[in-house]
Amino acid sequence: MEFKVTVLGTASALPTVNRYPSACAVNLHGRLFLVDCGEGTQMRMRKYGISFAKIDSIFISHMHGDHVFGIFGLLSTMSLAGRTAPLRVYAPGQFATLLSFFKANFAESIKYEIVHVSLGKITGPSIIYETKTIEISAFPLNHRIAAFGFMFKEKEPAFNIRKSMIENHALSLYEIARLKEGKDVVRPDGSILLNSEFAYKPYVPRSFAYCLDTAPFRELPGWVAGSDLLYHEATFDDSLEDMAVATFHSTARQAAACARNAGVRKLLLGHFSSRFKDLGELLGQAREEFPESYLAVEGEEIGIKLDRHIDKD
Ligand SMILES: [Zn+2]
Ligand SMILES: [Zn+2]
């Protein structure tokens, strides 16, 4: 059960020689999701071996160019690569005008359907995508224009029944089914089969939160609470806090304070202003607030570890 995150771009606003604008690939239970699509994303995907053909859906946080300028080139390449399956793009309402311009001018080169799912009405965490085992939700951020964060997470797994218990207690199929639902079972002789003794959860669900671009706000730590990995923008350092306030961005320290208050396991910093050639200072400030802070590195694959619950028998 794969859960991997690959940051493809870490620059804010404009690309630099070493940094591309925002984009991030998430592999979750065999599905590939692309989050944001700054200029050059398809080149980054090619470089890091991420398949165009496998993209399940695209999520766009907001309509600033550094998060969306790469999408038309990518949509076109996906068609040239033979895509015929419909593609859903989860994006703010304003994406509609961009998409209709694209369709009006380039429709003949696109051989699949592009469906825009508008995030426009979302005011708090809302599930926008789900399968039997995973769910993706969106929530509003605090930026100059409408912007959304995303939470990728595994659903709570069903209970497993301890193997030895099945034989030792000659469990019936009915009893197994009830215990798997999380219930206790009362037998005709009055004895009780406790779910807590007979069943266990095979693993702890994992989660990844994506928060670009945003100024700090009160609700955010609660919305990303307990994430295994939080990818949070850190456009500026302490010396430019005023600029962060004016542009609705965060400093590395503010990102780290969010991570600490949310009780996440690990914080990944990105969306760096091009004025920082060396990011050491920025990282140091974040680590003063939250030691498990790391700089995002383009192309580095981060696996989110699965904590298995062991069958005690
Ligand atoms: Zn940005
Ligand atoms: Zn922005």
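In this chain, residues are counted from 1 in sequence order. One-based numbering, in listed order, for ligands and for the atoms of each.
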- Task: Look at the aromatic rings of F33 and Y129 and report parallel, tilted or perpendicular, splitting at 30° and 60°.
- Result: perpendicular
- Please assess R253 against E289 for the test salt bridge (charged side-chain N to carboxylate O under 4.0 Å, His left out), listing each intermediate value before the final yes or no. CA-CA 6 Å; R253 187 181 296 281; E289 304 293 325; 2.7 Å; yes
- Verdict with reasoning, R275 to D237, per salt bridge (charged side-chain N to carboxylate O under 4.0 Å, His left out): CA-CA 11 Å; R275 74 195 76 217; D237 69 0; over 6 Å; no
- Item | In the protein, N/O/S atoms that are found under 2.8 Å from the Zn ion (ligand 1), waters not counted | D66 OD2, H67 NE2, D213 OD2, H271 NE2
- Does F148 reach the side chain of L141, with side-chain heavy atoms less than 4.5 Å apart? no
- Message: On the six-membered ring of Y294, is R287 placed so that its NZ or CZ lies under 6.0 angstrom from the centre and within 45° of the ring axis?
- Response: yes
- Item | Plane angle bin for F102 and F72 - parallel if under 30°, tilted between 30 and 60°, otherwise perpendicular | parallel
